Each structure stands twice: as C-alpha cells, then as structure tokens.
Amino acid sequence: MVCTLPSLSLYMHPSLNIEQKHRLHRSWKPSSEILRTELFHKFNSPFELQQVHTLVIKTGTPLSALPLSRVASICALTPRFAYAQQIFQQVGQPEIFIWNCCLKDFAESDSPFDAILLFYQLRKHNVCPDSFTCTFVLKACVQLRDLFHGRIVHKFIQKLGLQSNLVLQNVTVHLYASCGKISDAILLFNKMPQRDVITWNTMITQLVKRGYIDSAYKMFLQMPDRNVRSWTAMIAGFGQCGKPKEAIDLFTKMEEVGLKPSEVTVVAVLAACTDLGALDLGSRIHEYSDKNEFKRNIPVCNTLIDMYIKCGVLEAALRVFEGMKERTVVSWSAMIQGLAIHGKANEALELFHQMIQTGMKPNGVTFIGLLNACSHMGLINKGRWFFASMSRDYGIIPSIEHYGCMVDLLSRAGLMQEAHEFITQMPIKPNAAVWGALLGGCKLHKKIEMAKVAMRHLQELDPLNDGHYVVLANIYSEAKQWDDAARVRKLMRNKGLQKTLGWSSITVNGIVHEFVAGDETHPQSQEIFKVWNKLLAHMRLKGYIPNTSVVLLDMEENEKEKIVFRHSEKLALVFGLINTSHGETIRIFKNLRVCEDCHAAFKVISEISNREIVVRDRNRFHCFRDGSCSCKDYW
DNA sequence: CTAGGGTTAG
C-alpha cells in the first residue's frame, strides 16, 4: 500500500494529539533530503526541536543534517542551552564554530542584543570564544552603540591575547567611533602597528559621521591604497555634509583614476546630483547603471527616482518606478512625495492606495508625503483623515514632522485659529518648523496678529534663522506698516543676521549659470535686459500687471518695478529663452521660494513663448505650461 | 563563521 508522506508541518501541527502524532511517527520514514529541505526550517521551539531530534535519531539521519545555526538560535537564549551543546559535541565540528554562526545571525538581526546575551551564555557554560566570537559581539555593540558591553569585550580580547588581530582592531576602532568616542578611536588608530584599507575606510566614514569632513578628506589623501569603497565613502561623505559639488568633483577624479563605480558609488553620486539639480550627470549615471545591470538594486532605483523627481522630470521617475521588479517602502514613499511636490495630489493618493493593495506597509515617511500632497493641493479633509488614520490603522505614532505638515495644511488653507489650536494641543513640544508653518500661513493670509504670536516662539526656538524675520517684515510691508517692517529688519541686523541672498540657476550645455537679483555681471546681461523689455511689452498686452507688493521697501512704484523685473528667476528664465532652442523645456532652480510676481509672470511667459518652464523651489515644483502652473496657484 | 561605503522625510 502506498501511503502519502505527511509533511513535517502536519506532523507538528498543534491540533494533532500525541497519539495521532505517534501513529504518524511510526509509519513515516522521510529521506534525509526531505528532512533537510522541508522540515527543519519549520521548527521554532525547543519542544519542536526535540521532536525533530528524535526523528533524526530514529531515521538514522546524520546529526550534521540539522541546521545547526538554527538549533543554536533556538536553544541559545532558553534554558535549553546545554541541550544544544550536547548535540554540537556530537557532530564533529568545533562547538564554537556553530555558536559563532548563531552570533553572526543575531548581530545582523533586528535585535542585536541577543548576540550579547548569547556571549554571556557562552561564558557561563565555559565555551571558549575565539576571534570570530569577539568580532560578532563587537559588531552587535556597534549596531547598538553599546559602549558598556563593547568595553567589556575589548578587555576580554586583551585577556585572550587577541589584541594584535587586525580585524578585531578594525572593529574596535569602529566601535569607539560609532559610540561618539572619536578621540579614543583616533588614539587606537594611531597606535596600530599596521593598518589595511578597511581601517582607513572605517576612519573616513566615522569622521564624516561626526562632522569632521576635513579630517576625513586628509585621511583619504594620506592613505596608501584607495579602493572603490574608499572613494565611495568619501563621495558619500561630501554629499552627507552638504557639499554635493565636492562629491561630484571627487567622482570625476575617481573616473579618471579608472576605478569602476559600484552600486553604492552610484547611489552616492545620484544623491549629490539630486541636491544640485544636476540632471545631465544624473541621466548619465542612469545609463551607466542600466549598462552594468544595477537595475535590480533597489537603493539604486530609489535614488534614481528621487533624482528625477528633484530635477523635475516626473515621467522619468515614474518610468524607473514602474520598471522595478521589487519595491520597498522607500520606493513607494519617494514616488508619493514626488507626486506631492509636483502638485499631483490625486495621483499621490491613488499610488498610496495601490501600495496598500500590494500589501506593502507604509511608514512615517509615507505619511509625510501624503500630508504634503494634501497640503499642496488644499485637500484639508483628506489630510485630517490621513493624520488620524496613520496611528489608528497602521500603528504609526505621528512625529514632530507630521504635526508640522498638519499645521502647514491648516494654515495654508487659511484656518489659522484651528492651526493655532492644533499646536497648543500637540502632545509634543512644537518646534521651529511647526511655528514656521504657522508663520507661512500668516504671510499667505495676511494675519498680522497671529504672525506676531508665531514669531515670539520662533525668536526663542530658532533665533538665528533670518527667514522668519524676512517673512514677518514682508507681512508688515504688504500691510504698508513700514515702521514695523523696518523694526523687524533692524532686530534681524542686531542679531548679526543677513537676509539669505536669493539666487537662481539654469544649466545650458552642461554649464551652470547662476543669477542673483539685479545681476549685471553675466556676459549676456545687456542682451537679457533687451529681450526682457520686449517680452514685457508682450506680457502687458496679455494682461500681466507687475505685483510690486513683494518689494519690502517703501519707495516709488516705478522703482519697485525695476527691482521686481530683475529678480533672479526672471533673469535665469530670459537667459534660458535666449540660449535654448525653441520648444525645449526650461529648468530653473531657485534656492528660496519663488516670488509671487515671478510666478504670475512665468505663467504668461509660458503661454507667449509656448514653452514648458519647470522651477524647483525651496519646497516644491512649479511646472508652467500654456499660461498656468501645476500648483494651480495654491502654494 | 570575521571588519569598511548607500535610498524616501527633516
């Protein structure tokens, strides 16, 4: 009689009683192959392990067929430690080897503290650790930033006489640096009789993380041999500390040396392109990635998506997103945020819906994107709903950023009282971003009294940020309260602050042209002004009326016009019209928010010149086409 | 069974 083999999952099914299990047990003779592939990954407790162990003995399967690392992890932190030891002592492999495998898994898991606990268990049961053991425990300490246990292991290494082991020295340097003891790390580094490329790379990365970019670069120049990871660490370092130009310069040098960029290099360089709005280099890196089969690498795709979004090419970002075989929450969140800052709120919400349907769990960042989408398009009720939903339906506790988004949403919509009430009822202390969002709403809706309230808090929380003073002065100026405006500007000056100079840039033929307001230094300045005057006549016919209320100062109307006409974004746009071919999209990058008059002017110009104009603002994108803007004037 | 570089928001 042929009987079907029951699977182990059936054998161990909780609904079977002991007698049924025995019956199965007697009749069932699985091959060791079945044991290995089907069975052993399914037991989860010492009790189940014991059943499997019995089975192994009964069927005469060699003990080594057991997934020993799994046995170890099940027994390690339960009172069954000795049981595992007993098995390990019979398999003909050094016992410590098996425990080390388990330690490695723990150290790389999401609860690295288990590695430290296991280490104590090993000591308690007199298992003798080796250098591998120490490596993994130290790695866990690095993950946890656990200097206390790290120091214990460090002393233990010396007790074992392993202090000259290079790998251990490298991890120890990493440990002290990552726990904020950078001077201890440097001390150890200096004492090392020999160092390898990993030692140097570790130091570079850690110095960058602590903000010592100059020391990191010195080390980079000083080190004897540099591999791809050294270059990448330094490129990423420049990017992370706000020096994307330096990152790209270094990348160029890396190419000159002839080293082949890895996936990680590509991610770092793309992030720098994102910050700079360097679409041309970004696209080149995209081609390189495709040629080198980096397409399957999720972070590469995620960074590409973000790069295209922040360079204003939403379609390209969507293409990368659609082409991904596998996506993470980062991919979805990046795309949702991208749609949000491009003013496509409904598409963003729709994408979120799709995300949920694929079974992907959103995180806090996903909701920041969603709230931004609602905020930028004035979807107040949807925004309120998402805010409530995140904790209720997904167990995500709103962070200060989410509260900031909500205040932005409410105050942009003019619901100033509600926004203020929302702030006073927050369970966490409001920060400068929260009050700043309220102040922004006051500017938009000309609420002077509320602006004063917001400013009082901002002066306390963020006194050195010139932006707040400028906004408040603007609010007074718009209300023609010149004395108050002057008082705020004086207050700002007394703190030693200057208004951040606005600038706009445009890339033509790979060359970045930067303009500041009133700029006459560009070689083509005269031509720019001539073309502007012609354009202006045309614009006036189309109904454009200069909005001079954006000028802070009390002066004659035609003086104000002169100032408005030479705003940096207008200069960059006219330069673009002159120097690009007809029909080409013009992309402008502005460091501050785009001015209201420029916004109105760009709409008219997009119609007259029949051009698409994409402006990357401090906060979002404006895509001007056929006389209107993608933000639908809600920003 | 060792050690080093990366992505969404802010």
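Since the structure is predicted, the reported quantities are computational estimates derived from the model, not experimental observations.
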(request) With sequence neighbours left out, write down each residue that passes salt bridge (Lys or Arg N to Asp or Glu O under 4.0 Å) with A:R229, or none if nothing qualifies. (result)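 If we apply the salt bridge (Lys or Arg N to Asp or Glu O under 4.0 Å) test to A:R229, skipping adjacent residues, there are no hits.
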What nucleotide, of [options], holds the atom closest to the side chain of [X]?
X	options	value
A:I368	B:dA9, B:dT8, B:dA3	B:dA9
A:V171	B:dT7, B:dA3, B:dC1	B:dA3
A:N227	B:dC1, B:dG4, B:dT7	B:dG4
A:E401	B:dG10, B:dA3, B:dG6	B:dG10
A:V167	B:dG6, B:dT2, B:dT8	B:dT2
A:F136	B:dG5, B:dA9, B:dT2	B:dT2
A:N201	B:dG4, B:dT2, B:dT8	B:dG4
A:K104	B:dG4, B:dT8, B:dT2	B:dT2
A:A233	B:dG4, B:dG5, B:dG6	B:dG5
A:R229	B:dG6, B:dC1, B:dG5	B:dG5

Measure [atom1]/[X] against [atom2]/[N] and give the value in whole Å, please.
X	N	atom1	atom2	result
A:M406	B:dG10	CE	C1'	18 Å
A:L138	B:dT2	CG	P	15 Å
A:M335	B:dA9	CE	P	12 Å
A:M254	B:dG5	CE	P	16 Å
A:L370	B:dA9	CG	P	13 Å
A:K139	B:dA3	NZ	P	4 Å
A:L371	B:dT8	CG	P	19 Å
A:I336	B:dT7	CD1	C1'	15 Å

For [X], report the nucleic acid contact type (base, sugar-phosphate, nothing); a contact means any heavy atom under 4.0 Å.
X	value
A:T265	base
A:Q169	nothing
A:S333	base
A:V228	base
A:Q240	sugar-phosphate
A:V266	nothing
A:N165	nothing
A:S262	base

(request) Decide whether A:T199 and A:T202 meet the rule of one side-chain donor and one side-chain acceptor closer than 3.5 Å. (result)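 Not at all, the side chains of A:T199 and A:T202 share no donor-acceptor pair under 3.5 Å.
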(message) Would you say A:D130 and A:T133 are linked by a side-chain donor-acceptor pair, where the criterion is simply a distance under 3.5 Å?
(response)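 There is such a pair (donor and acceptor under 3.5 Å, judged by atom type) between the side chains of A:T133 and A:D130.
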(message) Can you see whether A:W99 has A:R123 sitting over its ring - NZ or CZ less than 6.0 Å from the centre and within 45° of the normal?
(response)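 No.
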(message) Measuring to OP1 and OP2 of B:dA9, would you say a side-chain N or O of A:K310 lies under 4.0 angstrom away?
(response)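 The answer is yes; a side-chain N or O of A:K310 sits under 4.0 Å from OP1 or OP2.
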(message) Using only atom types and a distance under 3.5 Å, with no angle test, would you say the side chain of A:S375 pairs donor to acceptor with the backbone of A:L371?
(response)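 Flag not set: sc A:S375 to bb A:L371 has no pair under 3.5 Å.
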Side-chain donor/acceptor of [X] to base of [N], under 3.5 Å:
X	N	answer
A:S399	B:dG10	no
A:N297	B:dG6	yes
A:T232	B:dG5	yes
A:T135	B:dT2	yes

Which side-chain N or O atoms in residues 268-285 of chain A pair as donor and acceptor under 3.5 Å with protein atoms at least two apart or in another chain?
{"residue": "A:T274", "atom": "OG1", "partner": "A:L270", "partner atom": "O", "Å": "2.8"}
{"residue": "A:S283", "atom": "OG", "partner": "A:L279", "partner atom": "O", "Å": "2.7"}
{"residue": "A:R284", "atom": "NH2", "partner": "A:E255", "partner atom": "OE1", "Å": "3.0"}
{"residue": "A:R284", "atom": "NH2", "partner": "A:E255", "partner atom": "OE2", "Å": "2.8"}

(message) Using ring centroids (six-membered ring only for Trp), state whether A:F387 and A:Y403 fall under 6.0 Å.
(response)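 Ring centroids of A:Y403 and A:F387 are less than 6.0 Å from each other.
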